[in-house]
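Reading through the structure tokens given below for one structure.
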Amino acid sequence: MTMDKSFDARAAEARISAEWERANAFAAGANASRGESFSVMIPPPNVTGSLHIGHAFNNTLQDILVRWHRMRGFDTLWQPGQDHAGIATQMVVERQMALRGEPDRREIGRDAFVEKIWAWKQESGDTIINQLKRLGASCDWSRNAFTMSGAPSAPAGEDGNFHDAVIRVFVDLYDKGIIYRGKRLVNWDPHFETAISDLEVENREVQGHMWHFRYPLADGETYDYVERDADGNVTLRETRDYISIATTRPETMLGDGAVAVHPDDARYAPIVGKLCEIPVGPKAHRRLIPIITDDYPDPDFGSGAVKITGAHDFNDHGVATRNGIPLYALMDGRGAMREDGLSYEESAAIATRAAKGEDVGDVSAVNLVPTDLRGLDRYDARKRVIEAITEEGLAVTDAEGNPVVESKRIVQPFGDRSGVVIEPMLTDQWFVDTQRIVGPALAAVRDDRTRILPEQHKKVYFHWLENIEPWTISRQLWWGHQIPVWYGLDLRIENFVDDEGDGALDEVEMFGLLVDGLVHTGRRQHCAATFEAVRKKFRDDIAGLPQPLEISRVVEVADREAAIDLLSQSLADYTLSQDPTHLVYPVWRDPDVLDTWFSSGLWPIGTLGWPEDTPEMRKYFPTDVLVTGFDIIFFWVARMMMMQLEVVGDVPFHTVYVHGLVRDEKGAKMSKSKGNVIDPLTLIDEYGADALRFTLTSMAAMGRDPRLGPKHVEANRNFVTKIWNATRFAEMNGVRGGGARPEPQHTVNRWIIGEVAHIRQATDAALETYRFNDAATGLYAFVWGKVCDWYVEFAKPLFDGPEAEETRATMGWVLDQCYLMLHPIMPFVTEELWALTGDRGRMLVHGDWPDYGDELIDPAADRQMNWVIAVIEGLRSARAQMGVPAGARLDLIVTEADEAARTALAANGPLIERLARVNPARDGVAAKGMISVAAQGASFALPIEDVIDVAAETARLEKSRAKARKDADGLKARLSNPKFVANAEPEVIDETRDKLAALEDDIARLQTALAQLAAM
RNA sequence: GGGCGGUUAGCUCAGCUGGUAGAGCGCUUCGUUUACACCGAAGAUGUCGGGGGUUCGAAUCCCUCACCGCCCA
């Protein structure tokens, strides 16, 4: 057999992947030979996702840990899977439908749309899984999980019980009161028409405008407006009949509930408590709002006065709630001005009463959008508002009378998926009261039950959790786990009078119910995992109602309207038939779905079969390591911590390894818009998966962002080729792998075995501490620098001598160790070489990770070979510098040598002769026409005859001497410092003395050589 | 505004608990010697961002300044 000149990655990767799969090599527990388990949960990529370089990085690191543990015999599980990515998936499928010219989702309805998404998922949802396989990720693919598995809408083949876990947890937290529903200001995405969490909001600085408007004081009031400089000197004094407001969002003025100033702001003190007019809206119904004080306004920013729109701004919302200012909603779900609710006149009247301090109750029907602006998009409304105010002369103007509009950079919230400006909206949403479950998550990291690496990220974790806000978990989407809460009409109206007192309804009473009860009263709600369970709860509810209602059948309908229709119809029927068995009590389910991260938060237990008591759950939970990017620490890590601790009372993992973000060569974040995205699959095609993996690993310095360019990958592809060719050389010389560790006699062989032991210890130490880059660069230096550069070269002459057999055995074993140790980082080429070089019985993926150590190290061999290497390097350097033709074979004259040097020389003569291109060493004296080379304990002379240039040789030796002297002087200075000798550790002092001695030895030899040269 | 990180060879970066700097790429010269030109040999290049401090000793610890980046407000 002759090997090709290089590794054909493309062909081999596919073949090897198939072999791994056929052998079920990645199955949970494969190759287990000891009791301990090791489990890792993949951070689930979106089902819509495709592999980007960040995934490649993240999964390479996980795979290294997993393969390393599997080879060490741990019962290993790497759990793969995907999340259902609510918004993203809906977006993908809607776009596809639009492209095909199909009716949109509203036209086909929820069920049909969800069915389409499932169809899409089954057809295209495994893209990233297949890409991860190409990377070599050794997940147990048979267990691939999905956060929507087992949902009622799931088609065949999508079973699983993730849905059960999600619903179970929701119900549990609901029952504990940790999940609640409430009207809150949330981040509303007008494009997807759903609430999103603050983490899905990207605050970006954009070019915006700041308008300045005058809010006239009510009843023509005036005040002295005085501005002072830092020293208290008056810089401006004028009589004003208005208060000046700056805003970047004029359209929200319509919903203002107050103007706020800082309590210490002297400028406005005279008018606090007075009313002012919002300078927009029909003149006849101009609204007045109070001027209040609050700590929020910054007196130094703008005019120091802030308009308060509690329903459309988070800061304002805080001010409004603190001060009892009503929250007037202005927009609908699409970000357009509202058209619903009361007329502007009625609304303005109510708002005015509120401004005067009257309690006006619920203001959700109040619509303060003037008739002519209703239905307009928020930006069109803005334009109209500005025009109207300017026209009226209430814009603040400059000296020339032009309205003051500042162009400035403002920070605006954008939906991370939709890219549109987020609108703070007052809506009914479901929340997790995170305050109540955050404690254990903080404690677990504080007392190191979960370690976060690198440690600096702990701060971020703590900071976020210590200031945690309620988590909005409802999404107004169709794709996701529908909230398991049903509503029913509240029929227990307060003013119900049972005229006859007979506990039964007559027609009049029934009519009263219909009119008062159905339309105007609240609703009942119940939460349970199944409709059956919820039906029972409603039945208990209605049991208290007057008969015959109490025996109504609980049935499910689409929504509140349908419920009212059906109930009315049912009651009407009853009045005719008097047959109570036909009475129904309709209930409807909350249409919202849960935030995808709510399900991802249960990933560690959900993928292991919880809430069932599964063997996997018992064996692999808590999991060991979570490998993830920094960007996901809040989204996911913190939430998993909170949820697992709350639900099963344990941490989800004992270590979180946080890696950096892969950047381009210049350090810029990769982004589609910048066009600097590097596609990992392209790199795999070009250089092979091993080269890419090795590159990413060698860049994985803890806490740092790797910068990746194709050049780096190319360099490591060369490394793949290098070990391939070392194997090829071995193979050509009859070396085979698969043998037991030999116990050779020759120093070279003893030395390399010791080097293997060194690197094994270094590699394990690096992996144990998650220093992936140290593991990679250490192996690189060992394989290339030690094995290929020196050992293979040393072995060449040995193959012709009496040590040929032991050298073959040693080389076979050494290469086997290289394959084993490189396998977690470069699985394909090593698996291939493993198969090519021996009959092993099992694949390398199930090879036994070595555990030898110092016992294999022969210090004498170590010393001797390092000496030989130094001599060869010295000889080569001297030759090159003196311009000796590379091919010329020189005599090697030993002018001086101690015992150790003689032994080393005798044992390694052929090696030195071959690698330094010299004839066998013989004793002699330096003479004219020779150059000198100093080594520890020995001096050599090389006759280069007439080519010697005395001046050049002198210069070369002087340069060496100067360097040695400089180093020696430094060391001497240190040793002669009494404080150093007194304070430094003894080993350090010894080390310094040894170094100095060696240098002085060198200097002496150089000195001699120079003297000889001078004498010639 | 708060927090975190960075500033080391021409470029991209290592350098863990302080013991006087390394790798890859690039560059120069030489080389087809029984694996490999995706190679080998030899070589050049560093006030370790500036300033101060602790220490026998600082790229490494502390303070400070400058610039760059990220996160949160």
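Reminder, nothing fancy here: chain letters follow the sequence lines and each chain counts from 1. The figures that follow rest on heavy atoms only: side chains count, while hydrogens, waters and symmetry mates do not.
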Separation of the [atom1] atoms in [N] and [M], to the nearest angstrom:
N     : M     : atom1 : result
B:A59 : B:A9  : C1'   : 14 Å
B:C63 : B:U45 : C1'   : 33 Å
B:C38 : B:G50 : P     : 41 Å
B:G6  : B:C61 : P     : 9 Å
B:G46 : B:A37 : P     : 34 Å
B:A58 : B:G69 : P     : 33 Å
B:G5  : B:C62 : P     : 10 Å
B:G18 : B:C70 : P     : 32 Å

With a non-hydrogen cut-off below 4.0 angstrom, is [X] in contact with a base, only sugar-phosphate, or nothing?
X      : result
A:N315 : nothing
A:S877 : sugar-phosphate
A:E873 : sugar-phosphate
A:K995 : sugar-phosphate
A:N983 : base
A:D789 : sugar-phosphate
A:R876 : sugar-phosphate

One should report the stems of RNA chain B, each a stretch of at least three consecutive Watson-Crick or G-U pairs at distances under 3.5 Å, as B:1-7 with B:66-72, B:10-13 with B:22-25, B:27-31 with B:39-43, B:49-53 with B:61-65
Could you tell me whether [X] and [Y] make a salt bridge, using a distance below 4.0 angstrom between a side-chain N and a carboxylate O?
X      : Y      : result
A:D967 : A:K963 : yes
A:R974 : A:E991 : no
A:E731 : A:R728 : no

Evaluate the side-chain proximity of [Y] to [X]: yes if any heavy-atom separation is below 4.5 Å, no if none is.
X      : Y      : value
A:V720 : A:F694 : no
A:W471 : A:R639 : yes
A:T472 : A:R184 : no
A:Y687 : A:L692 : no

I want to verify a distance call: between [options], whose nearest atom is closest to the [X] side chain?
X      : options             : answer
A:A701 : B:C72, B:A14, B:U34 : B:A14
A:R771 : B:G19, B:U20, B:C16 : B:C16
A:K722 : B:C36, B:C38, B:U20 : B:C36
A:R914 : B:U34, B:A14, B:C56 : B:U34
A:V792 : B:C56, B:G40, B:A35 : B:A35
A:R728 : B:U34, B:A42, B:C36 : B:C36
A:E793 : B:G19, B:C38, B:C36 : B:C36

Pick the closest RNA chain B nucleotide for A:T721 and for A:N725 by heavy atoms, then say which residue is nearer the 5' end. A:N725
Assign each of A:P797 and A:F719 to its nearest nucleotide of RNA chain B by heavy atoms, then name whichever residue's nucleotide is nearer the 5' end. A:P797
Interface polar pairs with nucleotides 25-30 of chain B, N/O, under 3.5 angstrom:
none

Between [atom2] on [N] and [atom1] on [X], what's the gap in Å once rounded to a whole number?
X      : N     : atom1 : atom2 : answer
A:L453 : B:C16 : CG    : P     : 16 Å
A:N716 : B:U12 : CG    : C1'   : 13 Å
A:D774 : B:C16 : CG    : P     : 9 Å
A:D990 : B:G19 : CG    : P     : 17 Å
A:D416 : B:C71 : CG    : P     : 13 Å
A:K786 : B:A23 : NZ    : C1'   : 14 Å
A:K972 : B:G19 : NZ    : P     : 24 Å
A:K5   : B:A35 : NZ    : P     : 10 Å

Compare every heavy atom of [Y] with every heavy atom of [X], then report the nearest pair and how far apart it is.
X      : Y      : answer
A:V637 : A:V656 : CG1-CG2, 4.2 Å
A:V713 : A:T695 : CA-OG1, 3.4 Å
A:W867 : A:A935 : NE1-CB, 4.2 Å
A:G629 : A:V658 : C-CG1, 4.0 Å

Tell me whether the side-chain N/O atoms of A:K796 come closer than 4.0 Å to OP1 or OP2 in B:U33. no
Contact under 4.0 Å: A:S698 side-chain N or O vs B:A23 OP1/OP2: no
Charged tip of A:K722 within 45° of A:Y780 ring normal and under 6.0 Å: no
Report yes or no: is the cationic atom of A:R693 (NZ for Lys, CZ for Arg) under 6.0 Å from the centre of the six-membered ring of A:F828, at an angle within 45° of the ring normal? no
Check the orientation of A:Y657 and A:F772. Use parallel for under 30°, tilted for 30 to 60°, and perpendicular for over 60°. perpendicular
If you restrict it to nitrogen or oxygen atoms, what contacts under 3.5 Å exist between nucleotides 1-10 of chain B and the protein, and what is each distance?
{"from": "B:C4", "atom 1": "OP1", "to": "A:K459", "atom 2": "NZ", "distance (Å)": "2.9"}

Of A:R446, A:K458, A:K459, which meets salt bridge (charged side-chain N to carboxylate O under 4.0 Å, His left out) against A:E466? A:R446
